[in-house]
2 protein chains.
Amino acid sequence: MAPRVADVDARREQIGRAAIEIFARDGFQGAAVGDIASLAGLSKGSIYRYFDDKEALFHAAFEAVRMRLLRDCRAAMAEQDRAWDQLAAAVTATVEAFRSYIAIVPLTLEFWAAASAGDTRQRFGTVMADMYREFRELVIALLRQGQAEGDVDADADVEAIAAWLVAGLDGLMLQHWFDPAVDPLAGASSMLSTLRKGATNASQI
Amino acid sequence: MAPRVADVDARREQIGRAAIEIFARDGFQGAAVGDIASLAGLSKGSIYRYFDDKEALFHAAFEAVRMRLLRDCRAAMAEQDRAWDQLAAAVTATVEAFRSYIAIVPLTLEFWAAASAGDTRQRFGTVMADMYREFRELVIALLRQGQAEGDVDADADVEAIAAWLVAGLDGLMLQHWFDPAVDPLAGASSMLSTLRKGATNASQI
DNA sequence: GTATAATGACTGACTGGTCATTCATTATAC
DNA sequence: GTATAATGAATGACCAGTCAGTCATTATAC
């Protein structure tokens with residue numbers, strides 16, 4: 001109807017918000033493009049003016065969620081001076097992000113599945129690999145700085161630690177999703193304090 | 001009377017094996033029951049003689065994989081005396097199971113997704129919740145015994161530790177699946193040694 | 001040992017339905 | 001009048017689950 005739409009980016013974002021909600025509720029395969037269109041206040045056909053196909057829509061939804069998480073982490077880190085405190089803040093911010101924006105969880109699970117099997121595997125698999133590399137590298141950098149600042153053992157295997165720290169956060173969110181009695185914050189705190197004691201000679205000996 | 005003396009259990013297992021392979025390759029929604037039937041050497045119609053519907057097939061596939069994992073864990077534990085060594089053996093056995101039977105990974109990811117969104121959520125959600133509770137309880141029991149044997153601090157929060165240990169294994173397997181350069185065994189070893197140092201006064205002080 | 005009857009595992013064409021994607025048409029703004 | 005956004009009916013492909021019929025195998029009678 002409206003020629004020269006006011007703002008293409010705004011419309012894409014509007015559709016993306018609807019996509020997050022529907023994909024989180026119904027899954028990737030289960031979601032109907034028409035439902036996303038309705039929620040965005042458009043018709044099915046219009047979706048295809050802004051996105052090539054359903055997969056592109058899914059990718060955009062996940063990307064939006066990922067950026068939000070990364071932004072929250074960086075914001076929390078900016079408030080701390082020492083690398084160790086920044087790491088703790090990032091971990092806490094991640095858990096908080098999951099709790100305050102719970103749609104992240106089912107959306108992520110759907111994305112994992114899409115990246116691991118079926119036609120979507122190739123397209124989304126590299127996206128996941130890149131994302132985890134990025135998260136691990138963030139943690140590795142903090143741990144290295146922590147070593148320089150004397151909060152982390154010089155001989156700690158920072159790569160391995162980064163992998164299981166990120167892994168632990170994912171897994172805690174997963175268990176919390178299936179069973180709300182599992183407290184992800186308690187788990188993350190325990191993980192951090194154990195790491196603090198287990199990989200820090202300076203403060204113990 | 002009964003032609004080919006059909007061994008119902010054997011047939012179900014034969015179909016189950018095919019189901020694991022196809023679901024791991026194509027995902028739950030993406031898999032065609034006809035493909036599973038072909039791989040099992042049967043026709044589509046016959047599948048429904050042994051399973052109520054596609055979901056039942058999926059459930060059976062996951063259950064088989066879960067039992068195998070649990071069996072491997074218990075076997076590894078049986079070879080150790082002290083609770084701490086049993087825990088370490090179980091963790092290593094889990095990682096080894098993932099590596100030697102890699103189809104577990106995409107199948108698990110599919111199951112997570114099915115348990116988190118869409119029509120399948122209710123049916124599979126409780127299965128997941130129960131499974132994680134079972135795994136956590138196994139770890140909790142070992143940690144408690146470890147406390148009794150003096151290998152684990154008396155004031156350690158065993159519930160929180162169990163949650164993040166299980167979480168870490170899931171997450172490591174996930175990262176390894178997307179990026180084979182991530183070594184899950186190195187991650188798991190680091191996690192264990194950190195826990196050993198961080199939650200054990202006895203051996204350090 | 002042979003012929004016949006009974007059985008039920010197995011098949012695959014079929015039904016009913018879903019849904020992503022396309023495109024001819026309509027509405028709107030300038 | 002023209003360019004473009006938006007629409008939604010139409011298309012085509014896919015697939016879970018059903019069921020009437022087939023036929024190899026077993027049981028029984030003699």
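Convention: sequence-line order gives letters A, B, ...; per-chain numbering from 1. Fair warning: this is a prediction, and the values are worked out from it, not measured in the lab.
Per the geometry, CZ belonging to B:Arg12 stands 14 Å off P belonging to C:dA9, to the nearest Å. Straight-line distance from the NZ atom of B:Lys54 to the P atom of D:dC14: 14 Å, rounded to whole Å. Taking atom CD on B:Gln14 and atom C1' on C:dA9, their separation rounds to 13 Å, with Å as the unit. Here D:dA13 presents its P atom at 16 Å from CG of A:Asp119, a figure rounded to the nearest Å. For the pair A:Asp26 CG and C:dT18 P, the interatomic distance rounds to 14 Å; values are reported in whole Å. If you measure from atom CG of B:Leu42 to atom C1' of C:dA9, you get 9 Å, rounded to the nearest angstrom. The CD-C1' distance, from A:Glu55 to C:dT21, rounds to 13 Å in whole Å. Per the geometry, OH belonging to A:Tyr50 stands 17 Å off P belonging to C:dT22, to the nearest Å.
Contact between the side-chain N/O atoms of B:Ser43 and the OP1/OP2 oxygens of C:dC10 is not found at any separation under 4.0 Å. The phosphate of D:dG8 (OP1 or OP2) has no side-chain N or O of A:Lys44 nearer than 4.0 angstrom.
In the set C:dT11, D:dA16, D:dT7, the nucleotide with an atom closest to the side chain of A:Ser46 is D:dT7. Among D:dA16, C:dT21, C:dC10, the nucleotide with an atom closest to any side-chain atom of B:Ala32 is D:dA16. Closest approach to the B:Arg49 side chain among C:dA20, D:dT7, C:dG8 is made by C:dG8 (side chain taken as heavy atoms from C-beta onward). Distance from the side chain of B:Asp53 is smallest for D:dG17 among the nucleotides C:dC10, D:dG17, D:dT7.
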Go ahead and write out DNA chain D as dot-bracket, 5' to 3': ( ) for pairs within the strand, [ ] for ones crossing earlier pairs, | when the partner sits on another strand, dots for unpaired; Watson-Crick or G-U wobble, both distances under 3.5 Å.
-> ||||||||||||||||||||||||||||||

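Atom CD1 of A:Ile20 is separated from atom CZ of A:Phe58 by 11.0 Å, given to the nearest 0.5 angstrom. Rounding to the nearest 0.5 Å gives a distance of 7.5 Å between CD of A:Gln86 and CD of A:Gln80. In this structure, CG in B:Leu165 is found 11.5 Å from CG in B:Asp170, a value given to the nearest 0.5 Å.
The six-membered or imidazole ring of B:Trp112 lies away from that of A:Trp177, with a centre-to-centre distance of 6.0 Å or more.
Map A:Tyr48 and B:Gly45 each onto its nearest nucleotide of DNA chain C; the residue landing nearer the 5' end is B:Gly45.
Of the possible donor and acceptor atoms, none in the side chain of A:Arg144 sits under 3.5 Å from a partner among the backbone N and O of A:Val158.
Using a 4.0 Å heavy-atom criterion, one finds that B:Ile47 contacts no nucleic acid atom at all. Looking at heavy-atom distances under 4.0 Å, A:Ala37 makes no contact with the nucleic acid at all.
Using a cut-off of 4.0 Å between Lys/Arg side-chain N and Asp/Glu carboxylate O, A:Asp130 and A:Arg133 are scored as salt-bridged.
Looking only at side-chain heavy atoms (C-beta outward), B:Phe28 and B:Lys54 come within less than 4.5 Å of each other.
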